[in-house]
Amino acid sequence: WSTFRKYGEVIRSIVMRDERFCLVFRPHPGLGPTLKQTGIMTEEDFAAFFSGPRFLHHTAKDYYSAFRWSDALITDGSSFLVQYAPTGKPVVYLDRSDGWGLDASIDGDVRACYYCITNSDALRTTIEMLSAGEDDMAGARHQSQQRMCIGLSGPGAGDRIADYIARQLG
């Protein structure tokens with residue numbers, strides 16, 4: 001279910017080769033244990049995989065600060081696709097045709113405005129393009145991200161639900 005096995009080494013090598021890049025790695029909490037359980041990677045190897053001077057294995061609860069100072073997001077089909085939208089910054093979506101798909105409510109917006117990657121060469125090319133300041137999807141992204149942001153600011157979902165119920169009950 002993770003794109004780590006397909007793209008982890010590619011991303012690591014891009015960052016290692018180019019000093020312009022730093023990587024904040026925030027894996028799903030179940031990734032390390034799953035890699036260990038299946039015998040793919042030990043805990044030590046997993047911890048060392050993204051270690052080094054330009055790598056941060058991010059485990060803090062608050063990831064919004066990392067969003068604010070980042071230049072772009074590389075992610076698979078996670079909630080970050082929507083949570084990152086308020087930044088207006090580029091998103092590289094690691095598409096997995098052999099894994100879980102996107103929720104139907106965001107599939108169209110993601111495919112219309114994010115860089116959808118299906119192979120390592122496309123990932124390298126996209127990172128190079130974005131690092132050169134070329135962002136062909138900026139206009140489409142800003143429109144789609146505004147739709148994705150509806151309800152993310154202001155009162156939380158619980159408050160909106162309570163208001164709706166109160167209005168319905170008169």
Are V10 and F21 connected into the same hydrophobic cluster when the rule is that any two of I, L, V, M, F, W, Y join if their side-chain heavy atoms are below 4.5 Å apart? yes
For atom NZ of K36, is the number of surrounding heavy atoms from other residues, nucleotides or ligands below 6.0 Å larger than 12? no
Does the pair I117 and D95 meet the rule for a side chain to side chain contact (heavy atoms under 4.5 Å, CB included), with working shown? CA-CA 6 Å; I117 302 301; D95 195 355; over 6 Å; no
Should D135 and K89 be marked as a salt bridge (Lys or Arg N to Asp or Glu O under 4.0 Å) after you check the CA-CA gap, both sets of side-chain angles, and the distance that decides it? CA-CA 10 Å; D135 185 3; K89 299 172 187 175; over 6 Å; no
Nearest 0.5 Å, what's the OH-CG distance between Y93 and D76? 7.5 Å
In the single-linkage hydrophobic clustering (I, L, V, M, F, W, Y; side-chain heavy atoms under 4.5 Å), do L56 and I14 co-cluster? no
Let me confirm one number: the CZ-OG1 distance from F46 to T34, rounded to the nearest 0.5 Å. 9.5 Å
Here the pair of heavy atoms bringing V91 nearest to R141 is N-CD, 4.4 Å
Residue pairs involving residues 66-91 (criterion ring-ring contact (aromatic ring centres under 6.0 Å, His included); sequence neighbours excluded): Y63-F67, Y63-F80, Y64-F67, F67-F80, F67-Y84
Any chance you could lay out the side chain to side chain contact (heavy atoms under 4.5 Å, CB included) test for T42 and D45, step after step, and finish with the verdict? CA-CA 5 Å; T42 66; D45 289 341; 3.2 Å; yes
Which of parallel (below 30°), tilted (30 to 60°) and perpendicular (above 60°) describes F50 and F55? tilted
Short side-chain to backbone donor-acceptor contact, S131 and E128, under 3.5 Å: yes
Compare all side-chain heavy atoms of P86 with those of Q145 and state whether any distance is below 4.5 angstrom. no
Is there side-chain contact between V92 and T75, with heavy atoms separated by less than 4.5 Å? no
Quick one: which residue pairs count as a side chain to side chain donor-acceptor pair (under 3.5 Å) with a foot in residues 47-61, not counting sequence neighbours? R26-H58
Count the heavy atoms belonging to other residues, nucleotides or ligands that lie under 6.0 Å from CG of D71, then report whether that count exceeds 12. no
Taking side chain as C-beta onward, heavy atoms only, is L94 less than 4.5 Å from I74? yes
Is there a side-chain contact between T87 and L73, using heavy atoms and a 4.5 Å cut-off? no
State, yes or no, whether a side-chain contact exists between L81 and L102 at a heavy-atom distance under 4.5 Å. yes
State, to 0.1 Å, how close C113 and S144 come at their nearest heavy-atom pair, and which atoms those are. SG-CB, 3.3 Å
Could you tell me whether the side chain of I127 reaches within less than 4.5 Å of the side chain of L123, counting heavy atoms only? yes
Non-hydrogen atoms of P90 and Y115 that approach each other most closely: CB-CE1, 4.4 Å
Candidate pair R167 and D163, rule salt bridge (Lys or Arg N to Asp or Glu O under 4.0 Å), full reasoning: CA-CA 6 Å; R167 284 191 311 274; D163 289 345; 5.0 Å; no
